[in-house]
Amino acid sequence: MTSETVPGAIERRAIDPIPESERHGRPAALFTLWFSANMQMTTVATGLVATALGLGLGSGLLAIVLGNVVGGLFMAYHAAQGPKLGIPQMIQSRAQFGVAGANLPVALVIVLYVGFFTLSAILGGEAAAALFGVSKAAGVVIVDALAFVLLAFGYDQIHRYERYVALVFLLVFGAVTIALLSRYHAMPAAPAKAASPAMVVLGISIFATWQITYAPYVADYSRYLPADTSFLRSSAHTYLGSVLASIWMMSLGLLAGLVANKAANADTTLFFAGLLGPGLRWLMLVVIMLGIVGANVLNLYGAAMSTGTILTAGGDTTLARAVLARGSALRIGVGAAIAVIGTALAILASGSFVDGMTNFLLLLLYVFVPWTAINLTDFYLVRQGSYDIGAIYDPAGIYRRINWSTMAIYAVGILVEIPFMNAELYEGPIARALGGADISWLVGLAVSGALYFAVNRAGRGAAA
């Protein structure tokens, strides 16, 4: 559908299927990509939530580990879809929701990409401003420009970047871990305080949702792997990279909250920049910038893939043909637009704006739990990896324009979560009765997956 993509060159494809002649790479690359994508300040800031919930070192680590270990399973299983189907993650939703019906979850995920890009840009901009002695606005522009340049090169260069910086992160954050542990052990012993079980459960939910949030991204970065790539290897490398890095960074956030809660929450970037001493402050700032670039390029890339999905939902139109034929133009054009929007929002952001956006994004995350349950159930249990790729691009094909039964299941999956939710903007009655414990993601996964399987158990799925 487009011109050939040469491994290592500027990527020319976008949402069209990757032919076997262009497949390349090894599953191990998925480990370094997801490892580096999580070695950044946004992950650390998420770990700070543990202390806000009143958790100590033991209970906080328990919540962080359990949340990531369980949540990572649902995220990592999407990795096997890339080699098998050779298409981006969100366009796969057409097989469940219909070619046009998939635009609903796709549009929501674009909002998520923009939101996370903006929040990460703020943290990266603070590091760049401190490093170069410029304003925070200029710092945001510097970091976002770097992410955009990497996006312009595309798939192979993104993988290459994440692989190179992984070693840097390993060494520098290793030293940061030692510094934080030293401060923690130097603290005077405090009376042991039992953590609330409800807050431990809430923490587990928050950290599990962090992993599930990555589900809309995953297959974008495995779709060039050979079609015969092992399901286990692609999923295992994705799982280990994302889960190990997230546990590590969130644990650093937990330690920072226990050692210096006020300073760490007031300015997470500058607090961590000072942990290695004045002489190495510059190095920590560089590492923080590199981490934000590694995370935000994924937001730009995903936004481009998802926008292309929406633009081609009408079938074989002039617009759809242009999008499919000019993948690099789509990626660069949409990436530039998202980068400009996210940069402007980050520059204009006030404290109340950041709090409001954070709370909105946390609420939005609930809608992706039913989506991942439906998508995985369809791939592994209903169709067992067997799809008509051509029909995914044809609204008159077997997957139809809109699959109303899936849309209804998706709506039910979101609705059943509501009584179990505990977010800043809303606390459901069951969550309140449980003392604040949030198990909505478990309910959403179970109900959505079970309903979808029951309706489509004949194996015909959206074509039924």
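Heads up: numbering here begins at 1 and tracks the sequence.
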Legend entry - Among L345, V340, I347, side-chain contact (heavy atoms from CB on, under 4.5 Å) partner for T343: I347

Legend entry - S306 (side chain) donor-acceptor with A303 (main chain) under 3.5 angstrom: no

Legend entry - Mutual orientation of the aromatic rings belonging to F35 and W248 [parallel < 30°, tilted 30-60°, perpendicular > 60°]: tilted

Legend entry - Contact summary for Y366 and P370, nearest pair of heavy atoms: O-CD, 3.1 Å

Legend entry - Flag, side chain of R331 to backbone of L151, donor-acceptor distance under 3.5 Å: yes

Legend entry - Side-chain heavy-atom pair V412, V447 within 4.5 angstrom cut-off: yes

Inset, instruction - Could you verify whether a donor N or O on one side chain and an acceptor N or O on the other, from S120 and Q40, lie under 3.5 Å apart? - result: no

Inset, instruction - Would you check if the side chain of S93 reaches a backbone N or O of M90 as a donor-acceptor pair within less than 3.5 Å? - result: yes

Inset, instruction - Find the distance between CG (L290) and CG (L285) and round it off to the nearest 0.5 Å. - result: 11.0 Å

Legend entry - F153, CZ: over 12 other non-hydrogen atoms inside 6.0 angstrom: no

Inset, instruction - For residues L30 and H159, determine if any side-chain heavy atom of one lies less than 4.5 Å from a side-chain heavy atom of the other. - result: yes

Legend entry - Rounded distance (nearest 0.5 Å) linking atom CG of L85 with atom CZ of F379: 5.0 Å

Inset, instruction - Considering non-hydrogen atoms only, spot the tightest contact between L123 and I288 and give its length. - result: O-CG2, 4.5 Å

Inset, instruction - May I ask you to check whether over 12 heavy atoms, not counting those of Y77, lie within 6.0 Å of atom OH? - result: no

Inset, instruction - Measure the shortest side-chain to side-chain distance between E417 and V369 over non-hydrogen atoms and say whether it is less than 4.5 angstrom. - result: yes

Inset, instruction - Check whether any side-chain heavy atom of M284 lies under 4.5 Å from a side-chain heavy atom of F173, and answer yes or no. - result: yes

Inset, instruction - Find the distance between CG (N261) and OG1 (T51) and round it off to the nearest 0.5 Å. - result: 4.5 Å

Inset, instruction - Measure from the side-chain N and O atoms of D378 to the backbone N and O of I374, and report whether any donor-acceptor pair falls under 3.5 Å. - result: no

Inset, instruction - Taking N422 for its side chain and G436 for its backbone only, find out whether a donor-acceptor pair lies under 3.5 Å. - result: yes

Inset, instruction - Specify the closest pair of heavy atoms between G203 and A63, including all atoms of both residues, with the distance to one decimal. - result: C-CB, 4.0 Å

Inset, instruction - Verify the distance criterion only: is there a donor paired with an acceptor across the side chains of Q96 and N403 at less than 3.5 Å? - result: no

Legend entry - Aromatic plane relationship, W371 with H78 - under 30° parallel, 30 to 60° tilted, over 60° perpendicular: parallel

Legend entry - Interatomic spacing from CG in L55 to CG in L62 - rounded to 0.5 Å: 9.0 Å

Legend entry - Pairwise side-chain contact, L275 with R183, heavy-atom cut-off 4.5 Å (strictly under): yes

Legend entry - S205 side chain to W441 side chain, donor-acceptor N/O pair below 3.5 angstrom: yes

Legend entry - Greater than 12 external heavy atoms within 6.0 Å of F231's CZ: yes

Inset, instruction - For the residue pair W210 and Y214, categorise the inter-ring angle as parallel (less than 30°), tilted (30 to 60°) or perpendicular (more than 60°). - result: perpendicular

Inset, instruction - Answer yes or no: is there a donor N or O on one side and an acceptor on the other, between the side chain of S222 and the main chain of A79, under 3.5 Å? - result: yes

Legend entry - Q211 side chain to M75 backbone, donor-acceptor under 3.5 Å: no

Inset, instruction - Determine whether more than 12 heavy atoms belonging to other residues, nucleotides or ligands lie under 6.0 Å from atom CZ of R26. - result: no

Legend entry - Rounded distance [0.5 Å steps], CG in L300 versus CG in L150: 9.5 Å

Inset, instruction - Give me the ring orientation class for Y221 and Y301: parallel if the planes are under 30° apart, tilted from 30 to 60°, perpendicular past 60°. - result: tilted

Inset, instruction - Evaluate the side-chain proximity of N296 to D144: yes if any heavy-atom separation is below 4.5 Å, no if none is. - result: yes

Legend entry - Student check: side-chain heavy atoms of I122 and V140 closer than 4.5 Å: no

Legend entry - Heavy-atom side-chain proximity of V293 to V143 below 4.5 angstrom: yes

Legend entry - Any donor-acceptor pair under 3.5 Å from S59 side chain to G56 backbone: yes

Inset, instruction - Apply the side-chain contact (heavy atoms from CB on, under 4.5 Å) test between M250 and each candidate in I64, N38, I206; give the one that qualifies. - result: I64

Legend entry - Side-chain (D220) to main-chain (Q89) donor-acceptor, under 3.5 angstrom: yes

Legend entry - Side chain S36, main chain V165, donor-acceptor under 3.5 Å: no

Inset, instruction - Output the distance between atom CG (N375) and atom OH (Y452), rounded to the nearest 0.5 Å. - result: 8.5 Å

